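Single-structure report; data block below.
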Number of protein chains: 2
Amino acid sequence: MTETITQSIQDYLKHIYELNENGGSASTNDIAARLNIAPASVTGMLQKLSNAKPPLVIYKKHQGVTLTKNGEKAALEVIRHHRLLESFLVNTLGYSWDEVHLEADKLEHVISEDFEARMAEALGHPTRDPHGELIPTADLTMPLDKSRPLASLRTDETATVKRVSDDDPALLRHLHEIGVIPEVKVTVKNYSEFDGNITLQVAGRKSNVVLGTVITNQVFIEK
Amino acid sequence: MTETITQSIQDYLKHIYELNENGGSASTNDIAARLNIAPASVTGMLQKLSNAKPPLVIYKKHQGVTLTKNGEKAALEVIRHHRLLESFLVNTLGYSWDEVHLEADKLEHVISEDFEARMAEALGHPTRDPHGELIPTADLTMPLDKSRPLASLRTDETATVKRVSDDDPALLRHLHEIGVIPEVKVTVKNYSEFDGNITLQVAGRKSNVVLGTVITNQVFIEK
DNA sequence: AAAGTATTTTAGTCTTGCCTAAATTTTTTG
DNA sequence: CAAAAAATTTAGGCAAGACTAAAATACTTT
Ligand SMILES: [Mn+2]
Ligand SMILES: [Mn+2]
Ligand SMILES: [Mn+2]
Ligand SMILES: [Mn+2]
């Protein structure tokens, strides 16, 4: 009697996955905040998911949750849908990178595996979405992410932008404007000890830009 | 306090629209059969839809339902989504015409108006879907359908196939095989009084085909 | 026109997924 | 380390949308 994975459950699993990526286990409150749902409701769902057969999360009272292998597969399935969809919308329907997130958030639960496969094929089996986020493989493995925040660079260091956080459309528009997009080379011309500001030279741009930590913590680079 | 039009409601309205197209009002049982839902459940929903503000259907006990203007607009919105999606899937992802229906049935409830507009643009504002069905216009008007069943043709009459019924994938594959697809010219070489069989010459095909009424009633032509 | 059949409606339940208010547990702080 | 604060869970409810069984209504047939 395998648990039916509803849209709602898919959303829980997806967000738990992302929270697990950072710290260890995902807390009730964090999940609630992300899903815009009352914490009490989250507790109820966590109990349900951990009692499912097979269990989708590991849950002990007051200690947050971790995904089981099954839960992780289900999460990666949704994340693969989401990121392929974002790529597809940009490529095929001319969406800009700040417009795709909401649309993909709805479609990700609804497309068939056939649709997924056809998108991947049409896009040439991409490894990253328009924001540079890694796309889980068809067999649901998440590639290793070697990037770190731009905020961790210091004066005279050079690196390549690999991905940017995609949940704030306004930030995305701004980054696009100043040319800070995946695969672009950047050099730190100055790092300020006091406020953490980074003066950045962006390849192909005349003038440098000064970025605060709110931004430099949402841009990820590799050297 | 306008009624929220859920996915479920959209499905009811869509099928009521299609039933209204044939006979007058849609019966509880017919709606139930189409939606694969118990008749008792349908009664409940019809009451709800007729009490909505504004009402989406006109309903009197034991007399079936008709859509109001508001209900019709909502239905046409979904049907436009559905048919544009079918076209889009065929054009962009290489689906064949017998594969698109199920996928479109899920996506139709989820895409944004922006998505709809972009598809229409990308497809060059088509007026018919892959099965030849008319696509409601952007301002939600259904173009007039002048076609009639192939079954109504008699010996020596010539006509153009305009559309075919799209709910049986096996029939669609068969029709494709024998070349009976929209915009193809056909001539009735013989009509049998007894069983209604039609011997059809299909433009560009060597040998004629004999079609029974099950098929000829699901193929629509214009002279 | 009465009886039988088919259709539709009513009545009563169930599941999912959410909510608020109140309790409980954990963490932080003075 | 005890009190205050924050986080989490329990308890009790609600709305949507489905189901089954039984009652009511409408249609057919003799
Ligand atoms: Mn996204
Ligand atoms: Mn993304
Ligand atoms: Mn269809
Ligand atoms: Mn169609």
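Below, all heavy atoms of this structure are taken into account, side chains as well, without hydrogens, waters or symmetry copies. Remember, predicted model here, so these are calculated numbers, not experimental data. Proteins get letters first, then strands, A, B, ... in listed order; numbering begins at 1 in each.
When DNA chain D is scanned 5' to 3' for any atom under 4.0 Å from a heavy atom of chain A, the first and last hits are D:dA7 to D:dT10.
Exactly one of A:Leu67, A:Leu56, A:Ile58 qualifies for a side-chain contact (heavy atoms from CB on, under 4.5 Å) with A:Leu49. That residue is A:Leu56. Each of A:Thr199, A:Asp195, A:Ile198, A:Asn190 was checked for a side-chain contact (heavy atoms from CB on, under 4.5 Å) with A:Val210, and the lone residue meeting it is A:Thr199.
Between A:Arg148 and A:Glu222, no side-chain nitrogen of the basic residue sits less than 4.0 Å from a carboxylate oxygen of the acidic one, so the salt-bridge criterion is not met. Ion pairing between A:Arg34 and A:Asp30 fails under the 4.0 Å rule for side-chain N and carboxylate O.
At a threshold of 4.0 angstrom between heavy atoms, the contacts of A:Thr28 are confined to the sugar-phosphate backbone, with no base atom among them. Here B:Ser8 lies in heavy-atom contact (under 4.0 Å) with sugar-phosphate atoms only.
C:dT16 atom P lies 16 Å from atom CD1 of A:Ile37, rounded to whole Å. Rounded to an integer number of Å, the gap from A:Ile31 CD1 to C:dG17 P is 15 Å. Between A:Asn36 atom CG and C:dC18 atom C1' the separation is 12 Å, expressed in whole Å. Across the protein-nucleic acid pair, B:Gln47 atom CD and C:dT8 atom C1' stand 10 Å apart, rounded to whole Å. Rounded to a whole Å, the CG atom of B:Leu46 is 10 Å from the C1' atom of C:dT8.
Take the nearest nucleotide of DNA chain C for B:Ala40 and for A:Pro39: the residue whose nucleotide is more 5' is B:Ala40. Where A:Met45 and A:His62 each meet DNA chain C at their nearest nucleotide, the meeting point lying more 5' is that of A:Met45.
For C:dT8, the OP1/OP2 oxygens have no side-chain nitrogen or oxygen of B:Tyr59 closer than 4.0 Å. Contact between the side-chain N/O atoms of B:Asn29 and the OP1/OP2 oxygens of C:dT8 is found at a separation under 4.0 Å. For C:dT25, the OP1/OP2 oxygens have no side-chain nitrogen or oxygen of A:Lys61 closer than 4.0 Å. One finds no side-chain N or O of A:Gln63 lying less than 4.0 angstrom from the OP1 or OP2 phosphate oxygen of C:dT26. Contact annotation: A:Thr6 does not reach the phosphate of C:dT16 (side-chain N/O to OP1 or OP2, under 4.0 Å).
Atom NE2 of B:His176 is surrounded by 12 or fewer heavy atoms from other residues, nucleotides or ligands within 6.0 Å.
Between A:Trp97 and A:His131, the ring planes are parallel. Angles under 30° get that label, and only those over 60° would be called perpendicular.
You'll find the ring centres of A:His82 and A:His101 inside the 6.0 Å limit.
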